[in-house]
Amino acid sequence: MLPRVADSLSFLYTEAVRIVQDDTGVCAQVESRNGTDRVYIPTAALACVLLGPGTSITQPAMATFARHGTSLVCVGAGGVRSYAGVLPASLTTAWLEKQVRAWASDDSRLQVATRMYEMRFGASSAPAGATLAQLRGFEGQRVKALYRLLATKYGVKRFRRNYDPDAWDDQDPVNKALSAANACMYGVIHAAVLALGCSPALGFVHSGTQMSFVYDVADLYKARITIPLAFSLHASTDPEREARRRLREDFRAFKLMPQIVADVQSLFDSSGDSSPTADRASDLVHLWDPQAGPLPAGVNYGFEATSVSISDFDTADLE
């Protein structure tokens, strides 16, 4: 049995290695003066693997990651990201169906967006009847206030959030650390969303990208994790690497993986009943019926059509 995603290790970052499958398992190889050094990867216990610059991976190794439900996230130089999600075919659709129902209605979509805002800033932070435009305004004010507070705490002058992949080397350490930390967080959240069977594309605040819901969920934790971490690295000579190293420790301290799973479930099911989600477990396929509810598949229902007799069909139809 695979570990539940809530119990998984968060992420593993690789750079300038070759990931292969051998007779023992999946390992990362690198050539050295003494030959080939190997480090075996705990595929079933990882939420995602970040493939950094210079990393290559073989098809058998990717197949093993797929069987274990481990997401692969390709991270390019300069913080440019492209995502490759692994979605097990046997995964239950219980939470995907809940997500779609909440997303398809403007009213329920606004309710989820409001719940997200209250998760970030407190239960009474969203005024009753607030529009999405008002929530965006409240969010902007709070984030700017957080930037000012952290800039004062760490002695950073005139900080302004800036992400420009074309001028990556010209950015200050805080922006570099924040971009690198956010990239790691997106990968971990992407893995958790896929493991639950949800769609990363159906966002409630963000829209227009295959990662919309990932960005929604990431916003729940930035103010607590990545933003303070980035400001603490304002004097670092290698803020990207240091951010990744420190982030793994923070993920463990905050118990982020189980928190992501619990928060996503509560967004779509306010009753607190998480029983439909057997995390990474497979459910038998069933048939949909608007009146009878889910019905078992693999059953011949021909004898239940009592209102239809054989004489109702033309001979040509039967042939």
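The first residue in the sequence is number 1, and the count goes up from there.
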_Gap between atom CG of Leu135 and atom OG of Ser125 - 0.5 Å precision_ = 8.5 Å

*What do you reckon, are the aromatic ring centroids of Phe159 and Phe231 less than 6.0 Å apart?*
yes

*Please answer: with hydrophobic residues joined when any side-chain heavy atoms are less than 4.5 Å apart, are Ile227 and Val188 in the same cluster?*
no

*asked:* Between Val205 and Val214, is there shared hydrophobic-cluster membership here, with clusters defined by ILVMFWY side-chain heavy atoms closer than 4.5 Å?
replied: yes

*Is it true that a side-chain atom of Arg109 and a backbone atom of Gly203 form a donor plus acceptor pair closer than 3.5 Å?*
yes

*asked:* Please determine whether side chain to side chain donor-acceptor pair (under 3.5 Å) holds for the pair Ser179 and Arg161, giving the CA-CA distance in whole Å, both sets of side-chain angles, and the decisive distance to 0.1 Å.
replied: CA-CA 10 Å; Ser179 296; Arg161 177 63 178 131; 3.2 Å; yes

*Any side-chain heavy atom of Asp219 sitting closer than 4.5 Å to one from Met116?*
no

*Among the clusters formed by ILVMFWY side chains lying less than 4.5 Å apart, do Leu247 and Val174 turn up in the same one?*
no

_Which atom of Cys198 lies closest to which atom of Val264, heavy atoms considered_ = SG-CG1, 4.2 Å

*Distance-only polar pair, side chains of Asp107 and Gln111, donor-acceptor under 3.5 Å*: no

*Which atoms form the tightest heavy-atom contact between Tyr221 and Gln259, and what is the distance?*
OH-O, 3.7 Å

*Do the ring planes of Trp95 and Phe268 sit parallel (below 30°), tilted (30 to 60°) or perpendicular (above 60°)?*
tilted

*asked:* Is the shortest side-chain heavy-atom distance between Leu267 and Gln99 below 4.5 Å?
replied: no

_Distance in Å, Asp250 CG paired with Leu256 CG, rounded so as to fall on 0.5 Å steps_ = 9.5 Å

*Strictly by modelled atom types, are Ser236 and Glu242 linked by a side-chain donor-acceptor pair under 3.5 Å?*
no

*Any Lys/Arg nitrogen of Arg244 or Glu240 sitting under 4.0 Å from an Asp/Glu carboxylate oxygen of the other?*
no

_Looking at every non-hydrogen atom in both residues, tell me the closest pair between Leu132 and Ala113 and how far apart they are._
CD1-CB, 3.8 Å

_Which atom of Ile19 lies closest to which atom of Ala61, heavy atoms considered_ = O-CB, 4.0 Å

_Side chain Ser212, main chain Thr209, donor-acceptor under 3.5 Å_ = yes

*Would you mind reporting whether Met119 and Ser266 have side-chain heavy atoms less than 4.5 Å apart?*
yes

*Tell me yes or no: between the side chains of Ser232 and Arg246, is some donor less than 3.5 Å from an acceptor?*
yes

_Backbone of Gly35 reached by a side-chain donor or acceptor of Ser32 within 3.5 Å_ = yes

_Non-hydrogen atoms of Gln134 and Gly129 that approach each other most closely_ = OE1-O, 4.3 Å

*Once you round to the nearest 0.5 Å, how far does CG of Asp238 lie from NZ of Lys176?*
8.5 Å

_From CA spacing to verdict: side chain to side chain donor-acceptor pair (under 3.5 Å), Thr36, Glu31_ = CA-CA 5 Å; Thr36 302; Glu31 298 298 328; 3.0 Å; yes

*Taking the six-membered ring for Trp, are His206 and Tyr215 parallel (under 30°), tilted (30 to 60°) or perpendicular (over 60°)?*
perpendicular

_Spacing of CZ belonging to Arg158 relative to CG belonging to Asp172, to within rounding of 0.5 Å_ = 13.5 Å

_Restricting to non-hydrogen atoms, name the atom on Thr226 and the atom on Leu178 that form the minimum distance, rounded to 0.1 Å._
O-CD1, 3.6 Å

*For the residue pair Phe213 and Phe204, categorise the inter-ring angle as parallel (less than 30°), tilted (30 to 60°) or perpendicular (more than 60°).*
perpendicular

*Under 4.5 Å between side-chain heavy atoms, hopping through other hydrophobics if needed: is there a path connecting Tyr40 to Leu72?*
no

*Is any side-chain heavy atom of Phe121 less than 4.5 Å from a side-chain heavy atom of Arg142?*
yes

*asked:* Set out, in order, the CA-CA distance, both residues' side-chain angles and the distance that settles side-chain contact (heavy atoms from CB on, under 4.5 Å) for Leu202 and Val100, then state yes or no.
replied: CA-CA 8 Å; Leu202 299 182; Val100 170; 3.8 Å; yes

*asked:* Distance check, rounded to the nearest 0.5 Å: Lys98 atom NZ versus Ser108 atom OG?
replied: 12.5 Å

*Single-linkage hydrophobic cluster Ile225~Leu150, side-chain heavy atoms < 4.5 angstrom*: no

*Any donor and acceptor pair, going by atom type alone, linking the side chain of Glu97 with main-chain N or O of Ala94 inside 3.5 Å?*
no

*asked:* Please report the interatomic distance CD(Glu15) to CG(Leu51), rounded to the nearest 0.5 Å.
replied: 11.5 Å

*Within 6.0 Å of CD in Gln210, more than 12 heavy atoms from elsewhere*: no

*asked:* Counting C-beta onward and ignoring hydrogens, is there a side-chain heavy-atom pair between Val20 and Pro60 closer than 4.5 Å?
replied: no

_side-chain contact (heavy atoms from CB on, under 4.5 Å) between Ile41 and Leu46, worked out_ = CA-CA 8 Å; Ile41 300 174; Leu46 279 171; 3.4 Å; yes

*Could you label the plane-to-plane angle of the Phe138 and Tyr117 rings as parallel, tilted or perpendicular, counting under 30° as parallel and over 60° as perpendicular?*
tilted

*Name all residues meeting the salt bridge (charged side-chain N to carboxylate O under 4.0 Å, His left out) criterion together with Arg120; count only those two or more places apart in sequence or in a different chain, and write none if there are none.*
Glu139

